[in-house]
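Below are the structure tokens for one structure; questions will follow.
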Number of protein chains: 2
Amino acid sequence: MGRVSAQDWARAALDALAEDGFAAVAVEPVAARLGVTKGSFYWHFANRQKLIEAALALWEADSEQIIANLWEITDPARRMRTLLGAAFGDPRDAAIAFRLIGAADDPAVAEVARRVTARRLDVMRQTLEELGQPPDLARRRVLAGYGVYVGVAALRRIGMLDDSAEFVETAVAEMGLDLPP
Amino acid sequence: MGRVSAQDWARAALDALAEDGFAAVAVEPVAARLGVTKGSFYWHFANRQKLIEAALALWEADSEQIIANLWEITDPARRMRTLLGAAFGDPRDAAIAFRLIGAADDPAVAEVARRVTARRLDVMRQTLEELGQPPDLARRRVLAGYGVYVGVAALRRIGMLDDSAEFVETAVAEMGLDLPP
DNA sequence: TGACCTCCATACGGTTGCGTATGGTCCGAC
DNA sequence: GTCGGACCATACGCAACCGTATGGAGGTCA
């Protein structure tokens, strides 16, 4: 296993975070995951905190990429349905989100979580407004929909729900959209 | 600081979990919190895992105690309102819940989270049925209400919501209860 | 008083992770 | 080809934590 970039380190760190939590975002374990040693790490980064920040930045960038792809869907109803389907169908992102919320005592973690969440809520709100819903109603429905999303993801993580396809429909209905796919 | 019981250890461990996360549920830091040393710990417990389990058991017992107090409220509408007010007004319990959900890869953690959550959902469902709501509707509304609860708690933890009094009303309305307090 | 039991302090070895220092390898520039 | 820089391995000291071993303080009960 040859050379690795700072990007590779960030990606591996994000993987470790998703799979095993913040404690696993440690220099030596991630190095082993990449097949290199600490020597590589401290060339690319100053310390462990920078690695965590890089992983969070990568997560944010991934999220932005998904949003960018979403905006290519011009029909707002179809866009919202795609959004919800992707959100409910991605346990990895949900796992990361819960680790961040759990570790939100760290201001750096909280800030990234806040920024990404705000961005996602805004995408939903804007899409609902495109559908002709008044701003205040859109805002409340987005919060409700986000609540259902987080709640369902929580129940799935602790093994109380197997399938969540049903709840995509719930969320869709919650937002005043009962359009066909 | 004199002698401490296994209960004291479990309580201090639960405090550490709520405040600083699972990594803080370590023998020596909790010992310092209690003003004793490891010698005390390894008299009461076999290892660190047992301490974690004791903390989770204590959390479950606390939860059961709250539920027991709740059942003393005979009027189901008032009981539900009290329940929601207590739930939304307790950031400590929310913090513990998110740490557990985030660490749900550990089967022991997931099992406790599952049991406590199931118990709480059941209390809500049963209360709604007492209010005359058909079982299937009650079940769906409990899931929606739980979703709003978890979602709001998540937003509060990352600092996106200051007050949540508004959402008690939202959750109440979500469940088909628009009764006065 | 003395034997005994409960509970805890202290000291120890082992592991894991952080961060630094230093030397080695590969590769392009010239 | 050799020189220099990019990149990595290795070795080290340090700190935190786990679990064990052992002895000591304090109370109890005969």
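Everything numeric in this text was worked out from a predicted model, so none of it was measured. No hydrogens, no waters, no symmetry mates; every other heavy atom, side chains included, goes into these values. So that the names make sense, note that chain A is the first sequence line, chain B the second, and so on, each numbered from 1.
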Interface with DNA chain C, restricted to residues 39-48 of chain A and to heavy atoms under 4.0 Å: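 The answer is A:Y42, A:N47, A:R48.
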Could you pull out all residues at least two apart from B:R48 that satisfy side chain to side chain donor-acceptor pair (under 3.5 Å)?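 Listed in chain order: nothing, the list is empty.
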Residue pairs, two or more places apart or on separate chains, that pass salt bridge (charged side-chain N to carboxylate O under 4.0 Å, His left out) and touch residues 65-75 of chain B: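 Output for this query is empty, none listed.
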Among D:dA25, C:dT25, C:dA9, the nucleotide that comes nearest once only the side chain of B:R3 is considered: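 The closest nucleotide is D:dA25.
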Measure from CG on B:D20 to P on D:dA16 and round the result to the nearest Å.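 After rounding, the gap between these two atoms is 16 Å.
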Write out all pairs satisfying salt bridge (charged side-chain N to carboxylate O under 4.0 Å, His left out) with one or both partners inside residues 8-18 of chain A, taking only residues at least two apart or from two chains.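 Matches after skipping sequence neighbours: A:R11-A:D62, A:D15-A:R92.
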Measure CZ/A:F22 against P/C:dG17 and give the value in whole Å, please.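 Atom CZ in A:F22 sits about 17 Å away from atom P in C:dG17.
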If the threshold is 4.0 Å, N to carboxylate O, is there a salt bridge linking A:R119 and A:D122?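 Looking at A:R119 and A:D122, the cut-off is not met.
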Summary of ring pair (Phe, Tyr, Trp, His ring centres under 6.0 Å) pairs that have at least one residue in residues 135-158 of chain A, sequence neighbours excluded: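 Residue pairs passing ring pair (Phe, Tyr, Trp, His ring centres under 6.0 Å), neighbours aside: A:F88-A:Y149.
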Starting at the 5' end of DNA chain D and moving along, which residue's nearest nucleotide shows up first, A:T37 or A:E28?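 Between the two, 5'-proximity favours A:T37.
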Apply side chain to side chain donor-acceptor pair (under 3.5 Å) to B:T117 and list each qualifying residue two or more places apart in sequence or on a separate chain.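 Once residues adjacent in sequence are excluded, B:T117 has no partner under the side chain to side chain donor-acceptor pair (under 3.5 Å) criterion.
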